[in-house]
Protein chains: 2
Amino acid sequence: MAEPQARLDELIARLRERGGRLTPQRVAVLKVLATSDQHPSAEQIYEHVKADFPMTSLATVYKTLALLVEMGELLEIRFCGDSTRYDGRIAHSHPHLICVKCKKIKDLELAPLNPLSKEVAERTGYCILRYRLDFFGICPECQEEE
Amino acid sequence: MAEPQARLDELIARLRERGGRLTPQRVAVLKVLATSDQHPSAEQIYEHVKADFPMTSLATVYKTLALLVEMGELLEIRFCGDSTRYDGRIAHSHPHLICVKCKKIKDLELAPLNPLSKEVAERTGYCILRYRLDFFGICPECQEEE
DNA sequence: TTATCTGCAAACGTTTTGCGATATA
DNA sequence: TATATCGCAAAACGTTTGCAGATAA
(Lines give C-alpha, C1' and ligand atoms only; values in the text may rest on other atoms or scores of the structure.)
Protein backbone atom coordinates (compact mmCIF):
# COMPACT_ATOMS: atom_id res chain seq x y z
CA MET A 1 0.00 0.00 0.00
CA ALA A 2 2.13 2.88 -1.20
CA GLU A 3 1.27 6.35 0.02
CA PRO A 4 -1.02 7.92 -2.56
CA GLN A 5 1.26 10.90 -3.17
CA ALA A 6 4.37 8.73 -3.43
CA ARG A 7 2.60 6.39 -5.83
CA LEU A 8 1.39 9.31 -7.93
CA ASP A 9 4.92 10.70 -8.15
CA GLU A 10 6.15 7.26 -9.13
CA LEU A 11 3.58 6.89 -11.89
CA ILE A 12 4.41 10.35 -13.21
CA ALA A 13 8.13 9.55 -13.16
CA ARG A 14 7.58 6.27 -15.02
CA LEU A 15 5.52 7.95 -17.66
CA ARG A 16 8.14 10.65 -18.09
CA GLU A 17 10.96 8.07 -18.33
CA ARG A 18 9.04 6.39 -21.09
CA GLY A 19 8.90 9.63 -23.04
CA GLY A 20 5.15 9.98 -22.58
CA ARG A 21 3.46 13.35 -22.33
CA LEU A 22 1.99 14.53 -19.08
CA THR A 23 -1.31 15.95 -20.15
CA PRO A 24 -3.72 17.19 -17.48
CA GLN A 25 -6.15 14.40 -18.41
CA ARG A 26 -3.51 11.76 -17.84
CA VAL A 27 -2.41 13.22 -14.54
CA ALA A 28 -6.03 13.26 -13.41
CA VAL A 29 -6.36 9.55 -14.25
CA LEU A 30 -3.10 8.75 -12.48
CA LYS A 31 -4.30 10.67 -9.43
CA VAL A 32 -7.46 8.58 -9.19
CA LEU A 33 -5.50 5.35 -9.59
CA ALA A 34 -2.90 6.32 -7.00
CA THR A 35 -5.52 7.49 -4.52
CA SER A 36 -8.39 5.04 -4.72
CA ASP A 37 -8.39 1.75 -2.87
CA GLN A 38 -11.76 0.91 -4.42
CA HIS A 39 -10.37 -0.83 -7.48
CA PRO A 40 -12.46 1.36 -9.76
CA SER A 41 -13.78 0.56 -13.23
CA ALA A 42 -12.95 2.71 -16.26
CA GLU A 43 -16.35 4.35 -15.97
CA GLN A 44 -15.81 5.15 -12.29
CA ILE A 45 -12.38 6.60 -13.02
CA TYR A 46 -13.98 8.68 -15.75
CA GLU A 47 -16.59 10.05 -13.33
CA HIS A 48 -13.91 11.04 -10.82
CA VAL A 49 -11.77 12.67 -13.47
CA LYS A 50 -14.69 14.59 -14.90
CA ALA A 51 -15.41 16.09 -11.48
CA ASP A 52 -12.39 18.36 -11.63
CA PHE A 53 -11.75 18.03 -15.34
CA PRO A 54 -15.06 18.11 -17.20
CA MET A 55 -13.72 18.06 -20.73
CA THR A 56 -12.14 14.63 -20.47
CA SER A 57 -13.43 11.78 -22.63
CA LEU A 58 -13.94 8.16 -21.71
CA ALA A 59 -11.79 7.13 -24.69
CA THR A 60 -8.84 8.99 -23.22
CA VAL A 61 -9.33 7.22 -19.90
CA TYR A 62 -9.27 3.88 -21.71
CA LYS A 63 -6.19 4.86 -23.69
CA THR A 64 -4.35 5.88 -20.53
CA LEU A 65 -5.33 2.67 -18.75
CA ALA A 66 -4.12 0.57 -21.68
CA LEU A 67 -0.81 2.39 -21.62
CA LEU A 68 -0.31 1.79 -17.91
CA VAL A 69 -1.21 -1.88 -18.19
CA GLU A 70 1.32 -2.26 -20.98
CA MET A 71 3.91 -0.55 -18.78
CA GLY A 72 3.20 -3.02 -16.00
CA GLU A 73 2.04 -0.29 -13.65
CA LEU A 74 -1.59 -1.29 -13.52
CA LEU A 75 -3.33 -4.57 -12.69
CA GLU A 76 -6.51 -5.54 -14.48
CA ILE A 77 -9.11 -7.48 -12.52
CA ARG A 78 -11.82 -8.92 -14.65
CA PHE A 79 -14.49 -11.20 -13.36
CA CYS A 80 -17.53 -12.60 -14.97
CA GLY A 81 -20.42 -10.43 -16.00
CA ASP A 82 -18.81 -7.16 -15.01
CA SER A 83 -16.51 -4.52 -16.39
CA THR A 84 -12.77 -4.59 -15.78
CA ARG A 85 -11.55 -3.13 -12.50
CA TYR A 86 -8.11 -1.64 -11.97
CA ASP A 87 -5.53 -1.73 -9.22
CA GLY A 88 -2.98 1.02 -9.72
CA ARG A 89 -1.68 1.15 -6.18
CA ILE A 90 -0.01 -2.24 -6.02
CA ALA A 91 1.36 -3.22 -9.40
CA HIS A 92 2.70 -6.66 -8.52
CA SER A 93 0.50 -9.76 -8.35
CA HIS A 94 -1.37 -10.05 -5.09
CA PRO A 95 -4.59 -11.65 -3.90
CA HIS A 96 -8.00 -9.99 -3.87
CA LEU A 97 -11.19 -10.59 -2.01
CA ILE A 98 -14.28 -9.94 -4.11
CA CYS A 99 -17.84 -9.65 -2.82
CA VAL A 100 -20.17 -11.18 -5.38
CA LYS A 101 -23.12 -9.11 -4.10
CA CYS A 102 -21.83 -5.54 -3.86
CA LYS A 103 -18.80 -6.07 -6.16
CA LYS A 104 -16.45 -4.53 -3.62
CA ILE A 105 -12.82 -5.58 -4.10
CA LYS A 106 -10.32 -5.60 -1.25
CA ASP A 107 -6.62 -6.24 -1.27
CA LEU A 108 -5.60 -9.24 0.78
CA GLU A 109 -2.42 -9.56 2.76
CA LEU A 110 -1.19 -13.10 2.40
CA ALA A 111 2.16 -14.75 2.14
CA PRO A 112 3.24 -14.17 -1.46
CA LEU A 113 2.86 -17.05 -3.87
CA ASN A 114 6.25 -16.52 -5.48
CA PRO A 115 7.64 -19.85 -4.23
CA LEU A 116 4.57 -21.57 -5.65
CA SER A 117 5.05 -19.71 -8.94
CA LYS A 118 8.59 -20.98 -9.09
CA GLU A 119 7.47 -24.54 -8.43
CA VAL A 120 4.87 -24.29 -11.19
CA ALA A 121 7.48 -22.88 -13.58
CA GLU A 122 9.87 -25.73 -12.85
CA ARG A 123 7.25 -28.41 -13.13
CA THR A 124 5.65 -27.19 -16.34
CA GLY A 125 8.40 -25.42 -18.25
CA TYR A 126 6.28 -22.28 -18.45
CA CYS A 127 7.84 -18.90 -17.92
CA ILE A 128 5.49 -17.47 -15.29
CA LEU A 129 4.86 -13.74 -15.63
CA ARG A 130 2.22 -13.14 -12.99
CA TYR A 131 -0.65 -14.76 -11.18
CA ARG A 132 -4.11 -13.95 -10.02
CA LEU A 133 -5.56 -15.20 -6.79
CA ASP A 134 -9.09 -14.04 -6.10
CA PHE A 135 -11.42 -15.23 -3.41
CA PHE A 136 -15.10 -14.78 -4.20
CA GLY A 137 -17.56 -14.55 -1.37
CA ILE A 138 -20.06 -12.42 0.49
CA CYS A 139 -18.82 -9.61 2.69
CA PRO A 140 -20.09 -9.19 6.27
CA GLU A 141 -22.31 -6.22 5.32
CA CYS A 142 -24.02 -8.11 2.52
CA GLN A 143 -24.43 -11.18 4.74
CA GLU A 144 -26.44 -9.08 7.20
CA GLU A 145 -28.78 -7.91 4.49
CA GLU A 146 -29.82 -11.45 3.65
CA MET B 1 -10.26 -35.26 -14.38
CA ALA B 2 -13.47 -37.22 -14.70
CA GLU B 3 -13.82 -39.66 -17.56
CA PRO B 4 -15.58 -37.85 -20.38
CA GLN B 5 -18.44 -40.35 -20.58
CA ALA B 6 -18.92 -40.41 -16.82
CA ARG B 7 -18.93 -36.64 -16.68
CA LEU B 8 -21.42 -36.44 -19.53
CA ASP B 9 -23.73 -38.87 -17.74
CA GLU B 10 -23.37 -36.83 -14.60
CA LEU B 11 -24.25 -33.57 -16.35
CA ILE B 12 -27.26 -35.19 -17.99
CA ALA B 13 -28.40 -36.59 -14.63
CA ARG B 14 -28.05 -33.21 -12.92
CA LEU B 15 -30.02 -31.51 -15.64
CA ARG B 16 -32.75 -34.13 -15.40
CA GLU B 17 -32.89 -33.84 -11.60
CA ARG B 18 -33.40 -30.16 -12.00
CA GLY B 19 -36.39 -30.75 -14.24
CA GLY B 20 -34.62 -29.39 -17.29
CA ARG B 21 -35.31 -30.69 -20.76
CA LEU B 22 -32.74 -32.73 -22.61
CA THR B 23 -32.88 -31.25 -26.06
CA PRO B 24 -30.41 -32.49 -28.65
CA GLN B 25 -28.77 -29.04 -28.71
CA ARG B 26 -28.18 -29.15 -24.98
CA VAL B 27 -26.80 -32.66 -25.03
CA ALA B 28 -24.41 -31.61 -27.79
CA VAL B 29 -23.16 -28.72 -25.65
CA LEU B 30 -22.78 -31.01 -22.63
CA LYS B 31 -20.83 -33.46 -24.75
CA VAL B 32 -18.32 -30.83 -25.80
CA LEU B 33 -17.93 -29.63 -22.22
CA ALA B 34 -17.47 -33.14 -20.84
CA THR B 35 -15.02 -34.12 -23.56
CA SER B 36 -12.80 -31.11 -24.14
CA ASP B 37 -9.81 -30.36 -21.98
CA GLN B 38 -9.20 -27.20 -24.02
CA HIS B 39 -11.33 -24.90 -21.86
CA PRO B 40 -13.25 -23.71 -24.91
CA SER B 41 -14.97 -20.37 -25.43
CA ALA B 42 -18.68 -20.14 -26.24
CA GLU B 43 -17.80 -19.59 -29.88
CA GLN B 44 -15.57 -22.68 -29.95
CA ILE B 45 -18.27 -24.77 -28.30
CA TYR B 46 -20.70 -23.47 -30.90
CA GLU B 47 -18.38 -24.51 -33.74
CA HIS B 48 -18.04 -28.03 -32.33
CA VAL B 49 -21.76 -28.38 -31.79
CA LYS B 50 -22.54 -27.15 -35.30
CA ALA B 51 -20.32 -29.86 -36.75
CA ASP B 52 -22.79 -32.62 -35.94
CA PHE B 53 -25.77 -30.36 -35.29
CA PRO B 54 -25.83 -27.58 -37.88
CA MET B 55 -29.13 -25.98 -36.87
CA THR B 56 -27.95 -24.88 -33.44
CA SER B 57 -27.72 -21.20 -32.59
CA LEU B 58 -25.07 -19.38 -30.60
CA ALA B 59 -27.79 -17.97 -28.34
CA THR B 60 -28.78 -21.47 -27.29
CA VAL B 61 -25.17 -22.28 -26.48
CA TYR B 62 -24.99 -19.19 -24.28
CA LYS B 63 -28.29 -20.05 -22.59
CA THR B 64 -27.11 -23.57 -21.83
CA LEU B 65 -23.80 -22.31 -20.47
CA ALA B 66 -25.56 -19.80 -18.21
CA LEU B 67 -27.78 -22.57 -16.88
CA LEU B 68 -24.83 -24.82 -16.07
CA VAL B 69 -22.93 -22.00 -14.37
CA GLU B 70 -25.97 -21.27 -12.24
CA MET B 71 -26.18 -24.97 -11.37
CA GLY B 72 -22.56 -24.90 -10.26
CA GLU B 73 -21.54 -27.44 -12.88
CA LEU B 74 -19.42 -25.14 -14.98
CA LEU B 75 -16.52 -22.85 -14.17
CA GLU B 76 -16.08 -19.56 -15.98
CA ILE B 77 -12.55 -18.38 -16.68
CA ARG B 78 -12.38 -14.82 -17.84
CA PHE B 79 -9.16 -12.96 -18.42
CA CYS B 80 -8.47 -9.61 -19.88
CA GLY B 81 -9.10 -8.82 -23.51
CA ASP B 82 -10.57 -12.20 -24.35
CA SER B 83 -13.86 -14.03 -24.28
CA THR B 84 -14.91 -16.20 -21.37
CA ARG B 85 -13.59 -19.75 -21.34
CA TYR B 86 -15.34 -22.68 -19.69
CA ASP B 87 -14.25 -25.65 -17.62
CA GLY B 88 -17.01 -28.23 -17.51
CA ARG B 89 -14.87 -31.18 -16.52
CA ILE B 90 -13.85 -30.05 -13.05
CA ALA B 91 -16.56 -27.97 -11.44
CA HIS B 92 -14.82 -27.11 -8.18
CA SER B 93 -12.29 -24.28 -7.84
CA HIS B 94 -8.85 -25.29 -9.02
CA PRO B 95 -5.80 -23.53 -10.44
CA HIS B 96 -5.15 -22.91 -14.11
CA LEU B 97 -2.08 -22.19 -16.15
CA ILE B 98 -2.72 -19.73 -18.96
CA CYS B 99 -0.38 -18.99 -21.86
CA VAL B 100 -0.64 -15.29 -22.70
CA LYS B 101 0.59 -15.91 -26.26
CA CYS B 102 -1.50 -18.82 -27.55
CA LYS B 103 -4.28 -18.51 -24.93
CA LYS B 104 -4.05 -22.20 -24.08
CA ILE B 105 -5.43 -23.03 -20.63
CA LYS B 106 -4.26 -26.05 -18.67
CA ASP B 107 -5.52 -27.48 -15.40
CA LEU B 108 -2.92 -27.48 -12.67
CA GLU B 109 -2.58 -30.09 -9.99
CA LEU B 110 -1.66 -28.33 -6.79
CA ALA B 111 -2.47 -28.79 -3.15
CA PRO B 112 -5.98 -27.35 -2.78
CA LEU B 113 -6.31 -23.91 -1.26
CA ASN B 114 -9.23 -24.82 0.98
CA PRO B 115 -7.22 -24.29 4.19
CA LEU B 116 -6.20 -20.89 2.91
CA SER B 117 -9.83 -20.12 2.01
CA LYS B 118 -10.81 -20.98 5.56
CA GLU B 119 -8.11 -18.73 6.97
CA VAL B 120 -9.26 -15.86 4.76
CA ALA B 121 -12.86 -16.42 5.84
CA GLU B 122 -11.94 -16.35 9.52
CA ARG B 123 -9.76 -13.31 9.21
CA THR B 124 -12.15 -11.20 7.14
CA GLY B 125 -15.62 -12.36 8.11
CA TYR B 126 -16.41 -13.08 4.47
CA CYS B 127 -18.29 -16.21 3.51
CA ILE B 128 -15.99 -17.60 0.83
CA LEU B 129 -17.77 -19.30 -2.05
CA ARG B 130 -14.95 -20.08 -4.42
CA TYR B 131 -11.57 -18.90 -5.53
CA ARG B 132 -9.60 -18.47 -8.70
CA LEU B 133 -5.90 -19.08 -8.95
CA ASP B 134 -4.46 -18.52 -12.39
CA PHE B 135 -0.83 -18.40 -13.37
CA PHE B 136 -0.11 -16.38 -16.50
CA GLY B 137 2.98 -17.12 -18.49
CA ILE B 138 4.43 -18.35 -21.75
CA CYS B 139 4.24 -22.04 -22.57
CA PRO B 140 7.34 -23.97 -23.75
CA GLU B 141 6.10 -24.05 -27.37
CA CYS B 142 5.58 -20.28 -27.51
CA GLN B 143 8.94 -19.69 -25.83
CA GLU B 144 10.65 -21.53 -28.67
CA GLU B 145 8.99 -19.35 -31.26
CA GLU B 146 10.46 -16.20 -29.78
C1' DT C 1 -51.16 -30.84 -23.84
C1' DT C 2 -48.33 -27.37 -22.17
C1' DA C 3 -44.51 -25.28 -20.33
C1' DT C 4 -39.82 -25.21 -21.66
C1' DC C 5 -36.76 -24.47 -25.06
C1' DT C 6 -35.38 -23.02 -29.72
C1' DG C 7 -33.61 -19.73 -33.48
C1' DC C 8 -33.62 -15.29 -35.00
C1' DA C 9 -32.49 -10.68 -34.91
C1' DA C 10 -32.16 -6.74 -32.41
C1' DA C 11 -30.32 -4.63 -28.16
C1' DC C 12 -26.90 -4.23 -24.83
C1' DG C 13 -22.66 -2.63 -22.25
C1' DT C 14 -17.92 -2.36 -22.56
C1' DT C 15 -13.99 -1.37 -25.06
C1' DT C 16 -11.46 0.03 -29.30
C1' DT C 17 -10.66 2.66 -33.35
C1' DG C 18 -10.06 6.34 -36.99
C1' DC C 19 -10.01 10.89 -37.54
C1' DG C 20 -9.05 15.76 -37.81
C1' DA C 21 -8.07 19.12 -34.08
C1' DT C 22 -5.16 20.38 -30.16
C1' DA C 23 -1.46 21.08 -27.08
C1' DT C 24 2.91 19.16 -24.89
C1' DA C 25 7.76 19.11 -25.05
C1' DT D 1 7.56 23.16 -34.56
C1' DA D 2 6.61 18.37 -34.57
C1' DT D 3 4.27 14.72 -33.02
C1' DA D 4 1.96 12.60 -29.13
C1' DT D 5 -2.36 12.94 -27.42
C1' DC D 6 -6.97 14.75 -27.46
C1' DG D 7 -12.37 14.38 -28.05
C1' DC D 8 -15.77 12.71 -30.85
C1' DA D 9 -18.58 9.47 -32.96
C1' DA D 10 -18.78 5.19 -35.10
C1' DA D 11 -17.46 0.43 -34.99
C1' DA D 12 -16.28 -3.77 -32.83
C1' DC D 13 -16.87 -7.28 -29.70
C1' DG D 14 -18.88 -10.68 -26.68
C1' DT D 15 -23.06 -11.47 -24.61
C1' DT D 16 -28.09 -11.08 -23.49
C1' DT D 17 -32.84 -10.51 -24.53
C1' DG D 18 -37.74 -10.73 -26.43
C1' DC D 19 -40.58 -13.12 -29.04
C1' DA D 20 -43.12 -16.32 -32.04
C1' DG D 21 -42.82 -20.95 -33.22
C1' DA D 22 -41.23 -25.73 -32.16
C1' DT D 23 -40.80 -29.70 -29.16
C1' DA D 24 -39.71 -32.73 -24.97
C1' DA D 25 -42.09 -34.66 -21.36
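Below, all heavy atoms of this structure are taken into account, side chains as well, without hydrogens, waters or symmetry copies. Residue numbering restarts at 1 for every chain, and letters A, B, ... go by the order of the sequence lines.
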Can you label the angle between the A:His39 ring and the A:His96 ring as parallel, tilted or perpendicular, going by 30° and 60°? perpendicular
Interface with DNA chain D, restricted to residues 73-87 of chain B and to heavy atoms under 4.0 Å: B:Ser83, B:Thr84
Take the protein atom CG of B:Leu15 and the nucleotide atom P of D:dA25, then report the distance between them rounded to whole Å. 10 Å
Indicate yes or no: at least one non-hydrogen side-chain atom of A:Arg85 is less than 4.5 angstrom from one of A:Phe79. yes
Show the nearest heavy-atom pair for residues B:Cys99 and B:Cys139, with the distance to one decimal. SG-N, 3.4 Å
As a test of reading the structure: which of C:dT6, C:dA3, C:dA23 is closest to the side chain of A:Arg21, going by heavy atoms? C:dA23
Would the distance check show the side chain of B:Arg14 and the main-chain N or O of B:Leu68 forming a donor-acceptor pair, the cut-off being under 3.5 Å? no
Taking five pairs at each end of the helix from C:dT1-D:dA25 to C:dA25-D:dT1, what angle separates the two helix axes (nearest 10°)? 40°
Polar side-chain contact A:Arg26-D:dT5 base: donor and acceptor under 3.5 Å: no
According to side chain to side chain donor-acceptor pair (under 3.5 Å), does anything in residues 113-122 of chain B pair up with another residue at least two apart or in another chain? List the pairs. B:Glu119-B:Arg123
Is B:Thr23 near enough to C:dT6 that one of its side-chain N or O atoms lies under 4.0 angstrom from OP1 or OP2? yes
What's the CZ-P distance between B:Arg16 and D:dA25, to the nearest Å? 7 Å
Stepwise salt bridge (charged side-chain N to carboxylate O under 4.0 Å, His left out) test for B:Glu145 and B:Lys101: CA-CA 10 Å; B:Glu145 283 175 24; B:Lys101 292 268 180 202; over 6 Å; no
Heavy-atom side-chain proximity of A:Thr60 to A:Thr23 below 4.5 angstrom: no
Residues touching DNA chain D, which here means a heavy atom under 4.0 Å, drawn from residues 39-71 of chain B: B:Ala59, B:Tyr62, B:Lys63
What is the nucleic acid contact for B:Gly20, judged by heavy atoms within less than 4.0 Å: base, sugar-phosphate only, or nothing? sugar-phosphate
B:His48 meets the ring-ring contact (aromatic ring centres under 6.0 Å, His included) criterion, sequence neighbours left out, with none
A:Gln25 CD to C:dA21 C1', in whole Å, measures 13 Å
Side chain to side chain contact (heavy atoms under 4.5 Å, CB included) filter on A:Leu67, not counting sequence neighbours, yields A:Leu15, A:Arg18, A:Arg26, A:Met71
Taking it one step at a time, do A:Glu73 and A:Arg7 satisfy salt bridge (charged side-chain N to carboxylate O under 4.0 Å, His left out)? CA-CA 10 Å; A:Glu73 294 296 329; A:Arg7 180 65 180 140; 3.1 Å; yes
Start with the C-alpha gap between B:Phe135 and A:Leu116, add the side-chain angles, then the distance that decides, and say whether side chain to side chain contact (heavy atoms under 4.5 Å, CB included) holds. CA-CA 10 Å; B:Phe135 292 91; A:Leu116 192 55; 4.1 Å; yes
